[in-house]
Amino acid sequence: NVSVTISAHRLWFGGSASTKREIKVKYKATCAIAVMVYRIGAEVIGLDASLIPDGNRAALMILYNHASQASKRRLIREQSKGRVTLFLNLESLWGEFPAGFNESYTAPLAYFKGRCRYCYHHMINYWFRRWMNTEMISQLHLLMRLDSDSFLTGQWLRDPFQEMERAKAVYYANDLMYESPRVAINLRNTTLAYIRKHNIKPANSKLFQEKIMNPHDELVGMFFNNFQIMDVRFFQKKEVQEWMEYIDQSYGVYLHRWGDAPLMSITVALFANPEQLLIRDQTVMPYQHESDGWRKFYRIVNSIKQFFKLN
């Protein structure tokens, strides 16, 4: 079932200093596991992808944004336990803004202090709309995204890629959470305006109306996408790309720090049918993320608020 070629390039120096030739290394795959880091270091090495029972058919793809030491890359390859490991430099990502955006604006909630004002926003924009156009990713069928602070806490009992293929699903979702209100300013109104303008009926209306954009709920619901598996071809579809371009040109990611989690969740609810969605089962695919706690806090607060509204 292997049908897609991923190409990586390196330079080999031999003989005199002026002699060089390019070696093209090909790896064939239909799926990959992608982890983005700012600097390749110990945080990536702790991810044990051997707990995923896919027979190592998915490549481990490290997306990095800073010069890395060859010794650290070798250590990651050694600890990947037979899984093909590729390294993709995304350093140019940190200079890419939406067309017409004024970079002199103050970046809201700029994490990554001491690196660049908009680093976190660029990361969001990448995982919302740029990832499927990355050369090494655009040819794939399925891409799993894991964060550098993601932890597989036990052996997974199912091959998630095989599940996606059997179900003909386009999105494998994580836990349903709520976004922090301070980074969802005007997101609801912007989304509803697009739906009205283009006369869109959400493909998964139950998910959209009851979980993501519940009119009786102040918070925006979302799948916590530090784990997610995406059908690349689905997200490359014309109607999906038009919606993503609309969000990009609204500058909401850069002006209000809209997250890729609510944006991806809205996208799935708008364009994917219910049967095209799978949701991770913690008992079958045990997983933990470093920042799960505060997301659950918002879910508890919202439940309390709804209780008092109904009583």
Side-chain angles (χ1 to χ4, degrees), residues 98 121 123-134 137-138 140-145 164 167-181 183-280 295 298-299 302:
H121 307 75
M123 182 276 293
I124 290 170
N125 204 27
Y126 181 83
W127 279 124
F128 174 54
R129 71 178 301 258
R130 295 187 183 278
W131 61 271
M132 78 286 294
N133 298 317
T134 304
I137 293 174
S138 62
L140 294 170
H141 175 201
L142 300 172
L143 180 73
M144 178 190 294
R145 178 248 179 112
M164 291 274 289
K168 296 182 179 179
V170 299
Y171 193 72
Y172 212 132
N174 199 5
D175 298 336
L176 190 68
M177 303 282 186
Y178 290 98
E179 181 60 292
S180 166
V183 292
I185 297 170
N186 207 35
L187 176 56
R188 182 186 296 269
N189 291 338
T190 302
T191 300
L192 296 178
Y194 186 84
I195 289 174
R196 288 192 296 267
K197 180 180 179 180
H198 297 275
N199 195 28
I200 294 174
K201 182 180 179 181
N204 193 334
S205 57
K206 182 179 176 67
L207 172 65
F208 184 82
Q209 294 171 5
E210 295 184 9
K211 302 296 184 181
I212 307 298
M213 290 276 175
N214 188 327
H216 306 295
D217 194 338
E218 296 177 1
L219 298 180
V220 174
M222 64 178 186
F223 293 113
F224 202 15
N225 70 333
N226 42 70
F227 160 83
Q228 60 182 347
I229 305 179
M230 302 156 288
D231 184 318
V232 179
R233 292 168 292 191
F234 169 79
F235 286 96
Q236 291 172 334
K237 292 171 66 174
K238 181 174 181 290
E239 60 268 32
V240 177
Q241 287 291 301
E242 289 174 346
W243 150 253
M244 290 181 167
E245 176 65 19
Y246 166 79
I247 290 295
D248 196 49
Q249 286 302 301
S250 75
Y251 305 148
V253 169
Y254 291 88
L255 293 178
H256 306 300
R257 221 290 276 153
W258 293 347
D260 49 295
L263 291 172
M264 287 292 282
S265 302
I266 293 168
T267 303
V268 171
L270 288 180
F271 301 107
N273 297 322
E275 59 271 17
Q276 294 178 301
L277 173 66
L278 298 178
I279 299 178
R280 183 185 65 84
R295 303 281 181 180
Y298 278 110
R299 181 167 58 181
N302 193 62

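Predicted model, so just to flag it, every value in this text is computed and none were measured. Numbers for residues simply follow the sequence, beginning at 1.
No side-chain donor-acceptor contact under 3.5 Å links W258 to the backbone of Y251. Without hydrogens or angle criteria, T134 side chain to W131 main chain gives a donor-acceptor distance under 3.5 Å. Side-chain atoms of R188 come within 3.5 Å of backbone atoms of N214 as a donor-acceptor pair (strictly under, hydrogens ignored).
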Which pairs would a plain distance check flag for residues 231-240, meaning a side-chain donor or acceptor within less than 3.5 Å of a matching protein atom at least two apart in sequence or in another chain?
| from | atom 1 | to | atom 2 | distance (Å) |
| --- | --- | --- | --- | --- |
| D231 | OD1 | R233 | N | 3.0 |
| D231 | OD1 | F234 | N | 3.3 |
| D231 | OD2 | H141 | NE2 | 3.4 |
| R233 | NH2 | H141 | ND1 | 3.4 |
| R233 | NH2 | H141 | NE2 | 2.8 |
| Q236 | NE2 | M132 | O | 3.1 |
| Q236 | NE2 | S138 | O | 3.3 |
| K238 | NZ | E242 | OE2 | 2.5 |

Under the criterion side chain to side chain contact (heavy atoms under 4.5 Å, CB included), I'd like the reasoning laid out for T191 against F208: C-alpha separation, chi angles, the key distance, then a yes or no. CA-CA 11 Å; T191 300; F208 184 82; 4.2 Å; yes
Working for side chain to side chain contact (heavy atoms under 4.5 Å, CB included), residues N174 and R145: CA-CA 11 Å; N174 199 5; R145 178 248 179 112; over 6 Å; no
Quick one: do V268 and I212 satisfy side chain to side chain contact (heavy atoms under 4.5 Å, CB included)? Show the steps, please. CA-CA 10 Å; V268 171; I212 307 298; over 6 Å; no
Yes or no on side chain to side chain contact (heavy atoms under 4.5 Å, CB included) for M213 and I266, after CA distance, side-chain angles and deciding distance? CA-CA 8 Å; M213 290 276 175; I266 293 168; 3.5 Å; yes
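Atoms CG and CH2, on L263 and W243 in that order, are 6.5 Å from each other to the nearest 0.5 Å. In this structure, N199 CG and K201 NZ are separated by 11.0 Å, a value rounded to the nearest 0.5 Å. With rounding to the nearest 0.5 Å, the separation of CG in L270 from CG in L207 is 9.5 Å. Once rounded to the nearest 0.5 Å, the distance linking OG1 of T267 with CE of M244 reads 4.5 Å. Atom NE2 of H121 is separated from atom CG of L255 by 9.0 Å, given to the nearest 0.5 angstrom. To the nearest 0.5 Å, atom CD1 of residue I195 and atom NZ of residue K197 are 13.5 Å apart.
Across all their heavy atoms, R129 and D248 have their closest contact at NH1-OD2, 3.3 Å. Counting all heavy atoms, side chain and backbone alike, L176 lies closest to K211 at CD2-CD, 3.6 Å. Of all the heavy atoms in S265 and G221, the pair that sits closest is CB-O, 4.5 Å. Heavy-atom minimum distance, P262 versus V220: CB-CG1, 4.2 Å. Nearest heavy atoms, Q276 versus F271: OE1-O, 4.4 Å. Heavy atoms only, all atoms of each residue included: Q209 and P215 are closest at O-CD, 3.6 Å.
L187 has its side chain out of reach of H256: every pair of non-hydrogen atoms, C-beta onward, lies at least 4.5 Å apart. Proximity of F224 to R280: side-chain heavy atoms (C-beta onward) are nowhere separated by under 4.5 Å. Put simply, the side chain of Y178 does not reach to within 4.5 Å of the side chain of M222, judged on heavy atoms. Here the side chains of N225 and F128 are not in contact, with every heavy-atom distance at 4.5 Å or above. Counting heavy atoms from C-beta outward, N273 and V170 have side chains that stay 4.5 Å or more apart.
Taking the six-membered ring where tryptophan is involved, the planes of Y246 and Y194 are tilted, since the angle between them lies from 30° to 60°. The aromatic rings of Y172 and F227 lie perpendicular to each other, with more than 60° between the two planes, well past the 30° mark.
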